[in-house]
Amino acid sequence: MTGTAVYEIRRVRTREELAAAIELRHEVFCVEQGVPERDELDGRDHEGIHLVAVREGELLATCRIVLVGTTAQFSRLAVRQSARRQGIATALLSAADDESRAGGARRIVLHAQTYARDLYDQAGYRPRGRVFWEAGIEHVAMEKLLD
Ligand SMILES: CC(C)(COP(=O)(O)OP(=O)(O)OC[C@H]1O[C@@H](n2cnc3c(N)ncnc32)[C@H](O)[C@@H]1OP(=O)(O)O)[C@@H](O)C(=O)NCCC(=O)NCCS
């Protein structure tokens, strides 16, 4: 712990908060990582469950879950640069487990950027298949079975 105030993890509550989450994704994926806007905005935000981490009114992080039958597709995990390495992504992954279970999912799948694989390994994900390139970034598909 770095002495910072506690943050809250929950679903987005308002249209404005969803817009702020999408803006953070833009900053992280498009500006920082160079992902094309057309890949970042894939037209599926309306079907997603959007989780956020909020501290003292500031949106620190977000992720998205899309439920397809008994599979939860996890994506768009972005943590503001100033808030990294404080366990926030790990907390979002844990909340995503709960949301996915509650929505009837039996497994969660995601495309991990390989540099961050440890994050997902530690959260109980296992790789499935070979490394591939997506939006100019090296990825590996990973899966977690939910009990
Ligand atoms: C990757 C990202 C989501 C991690 O968020 P975070 O809140 O800093 O992650 P956590 O603090 O929960 O990290 C947990 C563990 O994951 C691993 N990890 C996190 N960031 C890492 C990094 N940049 N490089 C290597 N391992 C990393 C570490 O093992 C870390 O444990 P440690 O801090 O004790 O070493 C964040 O850096 C980010 O938004 N990056 C840009 C967007 C991105 O890459 N999204 C993921 C797409 S798959």
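Numbering of ligands and ligand atoms starts at 1, following listing order. FYI, the numbering just counts along the sequence from 1. Heavy atoms only: backbone and side chains are in, while hydrogens, waters and symmetry mates are out.
Relative to atom 33 (O) of ligand 1, the option among R80, E27, E32, R85 with the closest non-hydrogen atom is R85. Proximity annotation for atom 13 (O) of ligand 1: of L119, L110, V28, D118, L119 comes nearest, heavy atoms only.
No side-chain N or O of R117 forms a donor-acceptor pair with one of Q122 less than 3.5 Å apart. For R64 and Q73, the side-chain atoms include no donor-acceptor pair closer than 3.5 Å. A donor-acceptor contact closer than 3.5 angstrom is absent between the side chains of Q113 and E134. Side-chain contact check for H26 and E37: at least one donor-acceptor pair (N or O, by modelled atom type) lies under 3.5 Å.
With sequence neighbours left out, the side chain to side chain contact (heavy atoms under 4.5 Å, CB included) criterion links I9 to Y7, A53, A91, L92, A95.
Two residues are said to be in side-chain contact when any heavy atoms from C-beta on lie closer than 4.5 Å; Y125 and L93 meet this criterion. For the pair V140 and R130, the minimum side-chain heavy-atom distance is 4.5 Å or more.
Ligand 1 has no N or O atom lying under 3.5 Å from any N or O atom of A78, backbone or side chain. For ligand 1, the polar-atom distance check against H111 finds no nitrogen or oxygen pair separated by under 3.5 Å. In terms of polar-atom proximity, defined here as any N/O pair under 3.5 Å, V79 does make such a contact with ligand 1. Remark: ligand 1 and Q33 share an N or O pair separated by less than 3.5 Å (distance only, no angle test). Checked by distance only, ligand 1 and A83 stay at 3.5 Å or farther apart across all their nitrogen or oxygen atoms. Taking any N or O of G87, backbone or side chain, at least one lies under 3.5 Å from an N or O belonging to ligand 1.
The aromatic rings of F132 and H139 sit parallel, their planes meeting at an angle under 30°, below the 60° perpendicular limit.
Atoms of ligand 1 lying under 4.0 Å from any heavy atom of Q86, numbered from 1 in the order shown and given with element: 11 (O). With ligand atoms numbered from 1 in the order given, ligand 1 contributes 3 (C), 42 (C), 43 (C), 45 (N), 46 (C) to contacts under 4.0 Å with heavy atoms of L77. Heavy-atom contacts of T90 reach the following atoms of ligand 1: 10 (P), 12 (O), 14 (C) (cutoff under 4.0 Å). Within the listing of ligand 1, atoms 46 (C), 47 (C), 48 (S) sit less than 4.0 angstrom from a heavy atom of Y120.
With hydrogens and angles disregarded, a donor-acceptor distance shorter than 3.5 Å links the side chain of R76 to the backbone of E40. The closest donor-acceptor contact from the side chain of E23 to the backbone of A19 lies at 3.5 Å or more, if one exists at all.
Ranking the protein heavy atoms by distance from atom 4 (C) of ligand 1 puts A89 CB, 3.8 Å first. Of all protein heavy atoms, the one closest to atom 44 (O) of ligand 1 is Y115 OH, 2.6 Å. The nearest heavy-atom contact from the protein to atom 15 (C) of ligand 1 is Q122 OE1, 3.7 Å. Among protein heavy atoms, atom 37 (O) of ligand 1 sits closest to R84 CD, 3.2 Å.
Distance check for atom 2 (C) of ligand 1: every protein heavy atom is found at 4.0 Å or beyond.
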Inset, instruction - Would you please test R25 and D45 for salt bridge (charged side-chain N to carboxylate O under 4.0 Å, His left out) and show each step? - result: CA-CA 12 Å; R25 282 167 28 187; D45 282 328; 3.0 Å; yes

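The shell of residues lying under 4.0 angstrom from ligand 1, judged by heavy atoms, excludes Q81.
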